[in-house]
Amino acid sequence: MSAETAPERSETDVAPMEAEFDVVAGWTEEVVAALGPGHAIPAGCRGSGSPSALDWLAEALDLGAGSRILDAGAGVGGPAAYAAQRFGVRPVLVEPMTRACRAAARMFGLPVVAGSGEHLPVAGGAFDAAWCLGVLCTTSAKAALLAELRRVLTLGGRLGMLVFVQITPELPDAPEGNDSPTDAELADLLHAAGFDLVRKADAGGFAAAPSSWQRRVERVEQALAAAHGADPRRLQAHAQEQRMGRLLDGGHVAGRLVYAVAR
Ligand SMILES: C[S@@+](CC[C@H](N)C(=O)[O-])C[C@H]1O[C@@H](n2cnc3c(N)ncnc32)[C@H](O)[C@@H]1O
C-alpha cells in the first residue's frame with residue numbers, strides 16, 4: 001500500500017500501554033488541576049500504590065534530606081514527589097511517555113527528562129541511589145534496563161525496585177506489554193547486571209494506603225470517568241488495570257520490593 005492510500009490513524013487509535021501511561025497521564029494532570037493539589041501524589045502513584053511500601057524503600061535506600069535519587073520510569077512522578085515531601089530527597093525523573101513527563105513537571109515541579117530505561121540520558125556514576133517502580137515487568141529489555149541502572153550508579157550505589165513477578169506458569173489474560181519475570185529470574189537478572197540483592201519484601205504485605213489517600217484516588221478516578229469515560233483510550237487503559245488487578249487477586253503475579261547494591 002502506498003503512503004498516499006494508507007488509512008489515517010485516528011487520535012484515539014493508540015496502543016494499550018500508550019493509553020495507560022501517556023494519555024491517562026495527561027488527563028490525570030487536568031483532573032488534579034481541577035480537584036486540587038492534595039490529589040496529586042495519590043493520583044500520581046501509578047504502580048507503587050501504598051505510602052508504606054515507599055517508606056520501606058526509602059528506609060532501605062537510606063534516603064534523607066538532600067539525597068539525590070534517580071527515578072527511572074517515573075510515570076507522572078507521584079513516588080518521587082512523595083519522597084521529596086516526606087524525606088526531603090532531590091529526585092531526577094526519567095520517563096519515556098511525553099505526557100507523563102509534562103504532568104510530572106507541572107504537578108510537582110520536579111526535574112524530568114524524557115527517555116527510556118534502556119538508554120538513560122544520565123552520565124555514568126551520577127547517582128548514589130535510584131529506584132525503578134513497576135517498570136521491569138513492562139519491558140522485555142530487562143537486562144538492558146538493569147545494566148543502565150548499574151551504569152548510572154556509583155560503586156555501592158543503592159537500587160530500589162517494585163517488580164510484579166510471575167507466580168503461576170501461565171498468566172491468563174495478562175495486560176498488553178506485561179512481561180513479569182519469576183522470582184528466580186529477577187535474582188539472576190540483578191546478579192548478572194552487577195547488583196547484590198540485599199533485601200526483598202512482598203508488596204502485598206504492606207499496610208493499605210490511608211483512607212484519605214484512597215478517597216483522593218477515587219475522586220480522581222471518578223473525575224476521569226466523568227470526563228473521558230466513553231473514550232476508547234480510557235476504556236483500554238481501564239481494561240489494562242483490571243487485567244493486572246485480576247492477576248494479582250488470583251495469585252498469578254505478586255509485587256516484590258527489592259533493595260540491591262551495585263558491586
Ligand atoms: C506502572 S507505571 C509506574 C510509574 C511509576 N514508577 C509509579 O510507580 O507510579 C510504569 C511506567 O514505566 C514506564 N515505562 C515503560 N517502559 C519503560 C522503559 N522501557 N523504560 C522506562 N520506563 C518505562 C511507563 O511509561 C510507565 O510510566
Side-chain angles (χ1 to χ4, degrees), residues 14-29 32 40-58 69-84 91-105 107-108 110 112-122 130-149 151-152 159-165 174-181 189 203 206 209 213 217 220 237-238 240-245 247-248 253 255-258:
V14 301
M17 291 241 294
E18 191 182 334
E20 190 178 6
F21 299 137
D22 195 47
V23 176
V24 172
W27 292 341
T28 300
E29 181 202 334
V32 165
I41 290 179
C45 287
R46 304 282 310 159
S48 36
S50 94
S52 53
L54 294 174
D55 289 348
W56 185 94
L57 285 164
I69 178 170
L70 176 73
D71 186 338
V76 299
Y82 176 83
V92 173
L93 284 58
V94 174
E95 162 62 40
M97 300 287 179
T98 51
R99 276 178 263 213
C101 290
R102 208 176 307 135
M107 288 202 298
F108 303 115
L110 294 172
V112 190
V113 188
S116 84
E118 297 87 347
H119 303 281
L120 288 169
V122 173
W131 71 20
C132 183
L133 310 177
V135 182
L136 196 73
C137 30
T138 67
T139 177
S140 56
K142 293 177 180 38
L145 171 57
L146 288 168
E148 275 295 87
L149 287 165
R151 181 185 67 78
V152 302
L159 173 67
M161 301 191 89
L162 169 66
V163 182
F164 290 96
V165 295
E176 181 116 351
N178 173 270
D179 194 356
S180 289
L189 282 160
F206 286 85
W213 174 294
V217 172
V220 169
H238 195 55
Q240 287 277 95
E241 286 166 7
Q242 285 184 320
R243 283 177 175 162
M244 194 62 185
L247 289 181
L248 281 162
V253 298
R256 302 284 190 243
L257 296 179
V258 168

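In each ligand, atom 1 is the first atom listed, and ligand 1 is the first ligand listed. Residues: numbered from 1 along the sequence shown.
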Is there a side-chain contact between Leu247 and Phe164 (heavy atoms, below 4.5 Å)? no
List the closest protein heavy-atom neighbour of atom 7 (C) of ligand 1: residue, atom name, distance to the nearest 0.1 Å. Gly47 N, 3.5 Å
Leu159 side chain reached by Val258 side chain, heavy atoms, under 4.5 Å: no
What atoms in ligand 1 come closer than 4.0 Å to a heavy atom of Met97? 25 (O)
Closest contact, heavy atoms only, Gly73 versus Val135: O-CG2, 3.5 Å
To the nearest 0.5 Å, what is the distance between CZ (Arg99) and CG (Asp22)? 4.5 Å
For Leu248 and Gly255, which heavy atoms make the closest approach, and how far apart are they? CD2-N, 4.2 Å
Which of the numbered atoms in ligand 1 are under 4.0 angstrom from any heavy atom belonging to Thr138? 15 (C), 16 (N)
Does Pro96 come within less than 4.0 angstrom of ligand 1, counting non-hydrogen atoms of the residue? yes
Protein contact to atom 12 (O) of ligand 1 [nearest heavy atom, distance to 0.1 Å]: Val135 CG2, 3.5 Å
When distances are taken from atom 21 (C) of ligand 1, the protein heavy atom at minimum range is Gly117 N, 3.2 Å
As a check for students: among Met244, Glu148, Gln240, Glu95, identify the option with a heavy atom nearest to atom 27 (O) of ligand 1. Glu95
Inter-residue atom distance Leu257.CG - Trp131.CH2, 0.5 Å rounding: 10.5 Å
So which protein heavy atom does atom 9 (O) of ligand 1 come closest to, and at what separation? Arg46 N, 2.6 Å
Please list the nearest protein heavy atom to atom 4 (C) of ligand 1 with its residue and the distance rounded to 0.1 Å. Gly73 O, 3.6 Å
Distance to 0.1 Å, residue and atom name: give those for the protein heavy atom nearest to atom 2 (S) of ligand 1. Phe21 CE2, 3.5 Å
contact_flag Pro79 ligand 1 heavy-atom lt 4.0 Å: yes
Distance check, rounded to the nearest 0.5 Å: Leu136 atom CG versus Leu162 atom CG? 10.0 Å
What are the two closest heavy atoms between Gly77 and Leu110, and how far apart are they? O-CD1, 4.3 Å
Measure the distance from atom 3 (C) of ligand 1 to every protein heavy atom, then report the residue, atom name and distance (to 0.1 Å) of the closest one. Leu133 O, 3.4 Å
Cys45 heavy atom under 4.0 Å from ligand 1: yes
In Å, rounded to the nearest 0.5 Å, how long is the span from CH2 of Trp213 to OG of Ser50? 8.0 Å
Numbered atoms of ligand 1 (with element) below 4.0 Å of Gly44, judged on heavy atoms: 9 (O)
Proximity winner for atom 19 (N) of ligand 1, if only heavy atoms of His119, Lys142, Glu118 are counted: Glu118
For Ala25, state whether at least one heavy atom is located under 4.0 Å from any atom of ligand 1. no
Is there a side-chain contact between Val113 and Val122 (heavy atoms, below 4.5 Å)? no
Mark up the atoms of ligand 1 that fall under 4.0 Å of a heavy atom belonging to Gly134, in ascending order. 1 (C), 10 (C)
dist Met161:CE -> Cys137:SG (nearest 0.5 Å) comes out at 8.5 Å
Within the 4.0 Å heavy-atom shell around Ser116, which atoms of ligand 1 are there? 20 (N)
